[in-house]
Amino acid sequence: MERYIVKGGRPLEGEVEISGAKNAALPILAAAIMTDETVVIENLPDVKDINVLIDAISKLGATVVREGRHRVKISGKTINSVCADNEYIKKMRASYYLLGALLGKYKKAEVSMPGGCNLGTRAIDQHIKGFTLLGADVNIEYGKIIAQTKELKGNHVFFDTVSVGATINIMLAAALAKGMTILENVAKEPHIVDVANMLNSMGANIKGAGTDVIRIKGVEKLHGTEYSVIPDQIEAGTFMCAAAVTRGNILVKNVIPKHLEAISAKLYEIGCSVEEYDDAVRVIGNTKLSGTQIKTLPYPGFPTDMQPQMTVTLATAGGISTVIESIFDNRFKYVDELTLMGAKIKVEGNVAVVEGVEMLKGAQVNALDLRAGAALVLAGLGADGFTVVEDIHFIQRGYEDFPLKLTKLGATIAVVNDEKEIQKFKFKTA
Ligand code: EPZ
């Protein structure tokens, strides 16, 4: 089993180039099959979840040509199945975007119940509510969601909770519904806007993405396009925290600084220097950081996907910090792992109280999910001694070349397979 070994205690310095946003690229790939014409997608991150979805799309019968690591050409003309239920797709959350895309185009879709990182309850009632309001019959049978209708009709959908997935999914289906759909209480994340822009470049008529109300005037059909995915806000934030945790100096390049404002503001507040450029952000982690309060919220609030990385940052900041997780009901499981590294954190329900310690200490820890895994790597980089992070397949789902990018910043990190390789790494880097 692959794992990372990290030798910590060294400030990370230099420049890092951010890849395309996974959570924008996933629905964009699904949208690509909504036309019979060719769609070219650029700036795709080369990560496991993206590759699995591309594979699932080709299994539906679409013609998929990988034109390099970050570019794919897709033609939905050859699709001969509306059923996506292979083994890995079941473990992915974003598989549900195939429901919106297939239902919009073919008026029928069968997709395995979505999996994804275990962050607590991850309901899909708002997706079902939206599809039903557009006129689809939605049933769950043998672990599959089956949605079908003769005709999708625009409607007024007021979401009961702000959901990234449901907002995007209903937007996908409504793009090809008859008449006007109005979505209210929607998510406003940068990837919502990116998906709307991509659909509009295919001939959809979507207005208001990024605001509280999205208006979609259904069109008869969509056409081909060439589209480049936005940079990954969370990968960028992770490297910004890496500068803070290791007291380093990192220029995070190829970003949209506006998308990072909630993260930049918190890092500045705790004592980091943060410089914003047109498409880059520099973070300098000063030696003395102070604690703060964080509450995760839908965009433009502080992103839940940055909560573990920020908690690790606060684990060695002075004083007491509180972190409130308000999006997911069980996103603090990694705290037990951090405690093994000497962090002083108490969790009560959805609140973590962090008492900053001088320094973390290396340990053997498990990456329990994607962002928690990345956060533990950051903890290892800032810690004294060696840290082994197990279950790195979670991290590989969403971070392209994570160890390589860190190595270029001066980190001492390697992928190892067994105890012998761990000992060799320790010997070489001692
Ligand atoms: C997306 O998940 C992201 N995943 C998550 O990123 C991210 O944490 C999350 O949005 C919040 O920003 C992808 O884009 C693939 P939600 P999603 O629907 O769409 C509740 C990562 O690390 N809810 O906005 O599943 C739900 O239980 C991943 O990259 C309902 O109650 O999130 C949760 O409490 C992890 N009913 C809250 O809403 C529904 O029908 C937000 O979920 C849908 C959601």
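Counting starts at 1 for both ligands and their atoms, in listed order.
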* Compute the minimum heavy-atom distance from Arg331 to ligand 1 and say whether it is under 4.0 Å. =>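 Under 4.0 Å: yes for Arg331.
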* Check if Tyr96 has a non-hydrogen atom at a distance under 4.0 Å from any atom of ligand 1. =>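 It does, in that a heavy atom of Tyr96 comes within the 4.0 Å cut-off of ligand 1.
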* To do: Compare Ile234, Val164, Asp305, Asp49 and give the one whose heavy atom is closest to atom 21 (C) of ligand 1.
  =>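 Nearest option to atom 21 (C) of ligand 1, by heavy atoms: Asp305.
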* Asked: Of the listed options (Tyr97, Tyr299, Tyr399, Phe328), which comes nearest to atom 32 (O) of ligand 1 when hydrogens are ignored and any heavy atom counts?
  ->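 When every heavy atom of Tyr97, Tyr299, Tyr399, Phe328 is considered, Phe328 comes closest to atom 32 (O) of ligand 1.
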Is any side-chain N of the basic residue among [X] and [Y] closer than 4.0 Å to the acidic one's carboxylate O?
X: Glu269; Y: Lys266; answer: yes
X: Arg69; Y: Asp401; answer: yes
X: Arg331; Y: Asp305; answer: yes

Suppose I only count heavy atoms of [X] and a 4.0 Å limit; which atoms of ligand 1 are within that range?
X: Gln126; value: 36 (N), 39 (C), 40 (O)
X: His127; value: 40 (O)
X: Lys22; value: 21 (C), 29 (O)
X: Thr304; value: 8 (O), 11 (C), 12 (O)

* Any idea how Phe239 and Phe402 line up, ring-wise: parallel (<30°), tilted (30 to 60°), or perpendicular (>60°)? ->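 Perpendicular: the ring planes of Phe239 and Phe402 meet at over 60°.
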